[in-house]
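Inspection log for the structure reproduced underneath, given as structure tokens.
The structure displayed is predicted, hence computed values, not measured ones.
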Amino acid sequence: MTVAFQASLLDLADAAGPGPLDASITRTQLSHGAWIDLRRGWLVGADALFARLSASVPWHAERRPMYDRVVDVPRLLAFYGEGVALPDPALVAMKAALDVRYAAELGEPFATAGLCLYRDGRDSVAWHGDTIGRSRTEDTMVAIISIGAPRALLLRPRAALGGGATVRHALGHGDLIVMGGSCQRTWEHAVPKTARPVGPRISIQFRPRGVR
């Protein structure tokens, strides 16, 4: 699939690969035992990777029941389960670097990779937590690398726990965010629609076994 994309003038590398994960990470403690780590521009060559993935990944559309009807999922999807070859060497390198940095704290390596293609501002994901599987009852981590045009990722405490202020990060061009601790159970996140002209974005999500 080919989508129009305006590359960043700050990322001209042809080969994609992760940078260091050390003091360059900023951790923010949230409420209820949740936290997020943020590393801007972690993936060097992110724009080249966007071009490869947008053209080569077997993207598919889904339809899901919502209330009394079945609706189109407003983004394209791909999923690589445990043991399935990843679609680009850069994803292999990213997973390896994340495992080195987080496996001890997480207690296990990352196991799966989910990809979402947001084609324009009409594509989105509603408020949710990744609570299918073990993450419904256990602390876990979800690592997201954003490539392509920046889009807003919003996080907020769940209303059932008293709610609270929304945290907003514009992520793109190789930015990494890791949601850890109780974040999937006690907070929720979204990528809202926008009427502003925005280019396409790919979200790459690494998760441990049994977490969706």
dist L153:CG -> L171:CG (nearest 0.5 Å) comes out at 5.5 Å

Looking only at non-hydrogen atoms, find the nearest pair between L30 and C183 and report the distance. CD1-SG, 4.4 Å

Could you please spell out the steps behind the side chain to side chain contact (heavy atoms under 4.5 Å, CB included) verdict for R75 and R119? CA-CA 7 Å; R75 58 195 177 279; R119 294 158 289 188; 5.5 Å; no

Distance-only donor-acceptor check, side chains H173 and D175, under 3.5 Å: no

Would you check, one step at a time, whether the test side chain to side chain contact (heavy atoms under 4.5 Å, CB included) holds for R158 with T186? CA-CA 6 Å; R158 290 185 179 273; T186 61; 5.6 Å; no

R134: salt bridge (Lys or Arg N to Asp or Glu O under 4.0 Å) partners, not counting sequence neighbours: E108, E138

Verdict with reasoning, R101 to D22, per salt bridge (charged side-chain N to carboxylate O under 4.0 Å, His left out): CA-CA 8 Å; R101 174 63 178 81; D22 42 34; over 6 Å; no

Using a 6.0 Å cut-off, check whether atom CZ of R27 has over 12 heavy atoms from anything other than its own residue. yes

Gap separating the CG atom of D130 from the CZ atom of R212, nearest 0.5 angstrom: 9.0 Å

Are side-chain N/O atoms of W59 and S54 paired as donor and acceptor at under 3.5 Å? no

Carefully, step by step, assess I145 and L91 under the rule side chain to side chain contact (heavy atoms under 4.5 Å, CB included). CA-CA 10 Å; I145 301 93; L91 273 69; over 6 Å; no

Are L77 and F206 connected in the hydrophobic side-chain network, where two residues link if heavy atoms are under 4.5 Å apart? no

Whether the T112 and R207 side chains hold a donor-acceptor pair (N or O, under 3.5 Å, no angle test) is what I'd like checked. no

Go through I36 and H189 one step at a time and tell me if the side chain to side chain contact (heavy atoms under 4.5 Å, CB included) criterion holds. CA-CA 12 Å; I36 56 173; H189 54 280; over 6 Å; no

Working to the nearest 0.5 angstrom, can you tell me the gap between F110 CZ and T140 OG1? 7.5 Å

